[in-house]
Participant: 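Take a look at the following structure, please.
In each ligand, atom 1 is the first atom listed, and ligand 1 is the first ligand listed.
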Amino acid sequence: MSASSEVRPVPLAPVPLAPAVLHDDPAFAALRRQDPQAADILLAESQRQAGGLQLIAAENFTSPAVLAALGSPLANKYAEGYPGARHHGGCELVDAAERLATERATALFGCEHANVQPHSGSSAVLAAYAALLRPGDTVLALGLHFGGHLTHGSPANFSGRWFDFVGYGIDPETGLIDYGQLRRLARQHRPKAIVCGSISYPRHPDYAAFREVADEVGAYLIADAAHPIGLVAGGAAPNPVPYADVVCATTHKVLRGPRGGMLLCGAELADRIDRAVFPFTQGGAQMHTIAAKAVAFGEAATPAFTAYAHQVVANARELAEGLEAEGLAVLTGGTDTHIVGADPAALGVDGRTARSRLAAAGIVLDTCALPYGDGRGIRLGTAAVTTQGMGRPEMARIASLFAAALREEDRVREQVAEMAAAFPPYPPAVIERHGE
Ligand SMILES: *Cc1c(COP(=O)(O)O)cnc(C)c1O
């Protein structure tokens, strides 16, 4: 995209490392008076988030509007069931909140049905399996070593315990999904479902190719779009809805909503999906979170969010180029999304050492498996820093701070703090001491 269409940060005077969103909030002031011990933890965590560079690929900064919905009295309401068919009285208004969320989700993603009740991305995947599979069924998913999620067959997770997972892989040379192997394994194992999705794959999956393989062997296609769904909302990534039988997603990653999950599907699976969420795998819905999802979907439907989603990708590409210039090996040679994977071995450190040196400098990210060998790489994402208003010049700066941190140079922590302070995640405000 052209530089002129970038979302450029509004220049802001550096502010003290204080989270305006908490200091401004009368409810927080009351919490501070009542329980300073708990309030101090909340405040310190807000300061931690604002005081460094948050590059964990799955994280973002929700808007004050989303936080307001999360902190609302809808948290008090019990609402088992679905709008118009609840097991509790007094649900008229939370019904309206849930209808608003589902209507906005179906419009945003162009699907016939949305279930916005899953408490998390993992709960959404659990419900998708519950709707389509029986214990013992064979499922084909990206191997965990290649970036499959825990719910894609980890022995430590219900998925690995209750289903027979077969893992497809990625080409060690290119880092791309090996579609030939996917097809061979599908023909050999005749899975009941194929799962497409990853915690670290930086490229767009070829949903049409997945659909073709699934059709050939008569399998359901489940797209676990937990990561890219926010890019889909902003038109910056292909939409899995036309290809997959069920799309599982989170609402808190690039999508920038509250922590939670959702399921998208066609009309013919709507009842099965709804029953798989409630009553099969969950009880009462979290109505404050569902209201916050509605708010986030409303935000995601705006031109500003479209610009944001494209900027997230432009920033990830810029950061990937910067890291490559600093000598890191960027997995797949770049990115189509918010995710960048890299092997820092050429700088004499493995992923774990890199993560701890970066953390010491206030740059927070994860390690990840590498498609070759036993070593670990690093995985990062640009969703949160882009929400803060950072653009391509800042990505170039982050890449050089990154290299300086890996070399353990002096004063990197201060430079990171200065940079973060110039892009506060929440609007700066007068810093008041409430309740003192
Ligand atoms: C994040 C993620 C999940 C799970 O989300 P939680 O809300 O942490 O349960 C599931 N699948 C994939 C591919 C993910 O990236």
Side-chain angles (χ1 to χ4, degrees), residues 54-60 62 66 70 105 115-132 139-154 156-160 163 165 167-170 177 193-205 207 210 221-233 237-238 240 244 246-264 276-277 281-282 285-286 289-290 292-293 296 312 316 331 335-341 365-369 379-384:
Q54 309 308 325
L55 294 174
I56 289 180
E59 291 184 355
N60 209 332
T62 61
V66 167
L70 279 176
N115 186 307
V116 296
Q117 292 195 4
H119 300 325
S120 68
S122 299
S123 308
V125 178
L126 170 61
Y129 295 169
L132 303 178
V139 184
L140 201 52
L142 185 63
L144 300 203
H145 183 70
F146 299 112
H149 186 255
L150 281 171
T151 54
H152 303 174
S154 164
N157 182 264
F158 75 88
S159 55
F163 303 102
F165 270 84
Y168 55 89
I170 61 184
I177 291 170
I194 297 176
V195 178
C196 155
S198 164
I199 60 169
S200 57
Y201 195 62
R203 300 293 182 175
H204 300 316
Y207 295 119
F210 273 99
L221 180 60
I222 299 172
D224 184 357
H227 267 284
I229 199 73
L231 297 176
V232 174
V246 177
V247 175
C248 310
T250 62
T251 50
H252 52 273
K253 296 183 181 175
V254 188
L255 190 51
R256 214 161 63 180
R259 188 154 298 278
M262 69 176 160
L263 290 156
L264 311 174
V277 176
T281 57
Q282 290 191 175
Q286 300 195 2
T289 307
I290 288 174
K293 287 173 185 175
V312 165
L331 304 181
T335 180
D336 295 329
T337 65
H338 59 300
I339 296 174
V340 178
L365 44 65
D366 294 318
T367 67
C368 66
R379 171 182 53 144
L380 52 116
T382 52

Participant: Tell me, do Gln282 and Pro118 make a side-chain contact under 4.5 Å, heavy atoms counted?
Facilitator: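 Touching, per the 4.5 Å side-chain cut-off.
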Participant: Within the 4.0 Å heavy-atom shell around Ser120, which atoms of ligand 1 are there?
Facilitator: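 Near Ser120, meaning under 4.0 Å from one of its heavy atoms, ligand 1 has 7 (O), 9 (O).
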Participant: Side-chain contact test, heavy atoms from C-beta onward, threshold under 4.5 Å: evaluate it for Pro258 versus Thr251 and give yes or no.
Facilitator: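 When only atoms from C-beta onward are counted, Thr251 and Pro258 do touch, with a gap below 4.5 Å.
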Participant: Between Pro240 and Val232, what is the shortest heavy-atom contact and its length?
Facilitator: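 Result for this residue pair: CD-CG2, 4.0 Å.
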Participant: Using non-hydrogen atoms of the residue, decide whether Arg259 is closer than 4.0 angstrom to ligand 1.
Facilitator: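 Arg259: no contact with ligand 1 (<4.0 Å).
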Participant: Closest non-hydrogen protein atom to atom 6 (P) of ligand 1, residue and atom name please, with distance?
Facilitator: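 Ranking protein heavy atoms by distance from atom 6 (P) of ligand 1, first comes Gly121 N, 3.5 Å.
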Participant: Using a 4.5 Å cut-off on heavy atoms from C-beta on, say whether the side chain of Tyr207 contacts that of Leu221.
Facilitator: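 The answer is no; the side chains never approach within 4.5 Å.
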Participant: Among protein heavy atoms, which sits nearest to atom 15 (O) of ligand 1, and what does the distance come to when rounded to 0.1 Å?
Facilitator: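 Answer for atom 15 (O) of ligand 1: Lys253 NZ, 2.8 Å.
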Participant: Starting from atom 3 (C) of ligand 1, locate the nearest protein heavy atom and write down its residue, its atom name and how far away it is, to 0.1 Å.
Facilitator: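 In this structure, atom 3 (C) of ligand 1 has His149 NE2, 3.3 Å as its nearest protein heavy atom.
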Participant: Out of all atoms in ligand 1, which are within 4.0 Å of some heavy atom of His252? Include the element for each.
Facilitator: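 In order of number, 7 (O).
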Participant: Less than 4.5 Å apart, side chain to side chain, heavy atoms only: is that true for Ser120 and Arg259?
Facilitator: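 Sidechains of Arg259 and Ser120: no contact.
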Participant: In terms of the angle between their ring planes, are Phe165 and Tyr129 parallel, tilted or perpendicular, with boundaries placed at 30° and 60°?
Facilitator: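 Taking Tyr129 first and then Phe165, their aromatic rings sit tilted (interplane angle of 30° to 60°).
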Participant: Given that the side chain starts at C-beta and the backbone is N, CA, C, O, which of these parts of Ser122 lies under 4.0 Å from ligand 1, counting heavy atoms, or is it both or neither?
Facilitator: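 Both backbone and side chain.
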Participant: Roughly how far apart are Leu231 CG and His338 NE2, rounded to 0.5 Å?
Facilitator: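 Rounded to the nearest 0.5 Å, the CG-NE2 separation comes out at 6.0 Å.
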Participant: Within ligand 1, which atoms have a heavy atom of His227 less than 4.0 Å away?
Facilitator: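 Going through ligand 1 atom by atom, the ones under 4.0 Å from His227 are 15 (O).
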Participant: Please state which protein non-hydrogen atom is closest to atom 11 (N) of ligand 1 and give its distance, to 0.1 Å?
Facilitator: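 It is Asp224 OD2, 2.6 Å.
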Participant: Counting only heavy atoms, which portion of Ala58 has something under 4.0 Å from ligand 1: side chain, backbone, both, or neither?
Facilitator: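 No part of Ala58 comes within reach of ligand 1.
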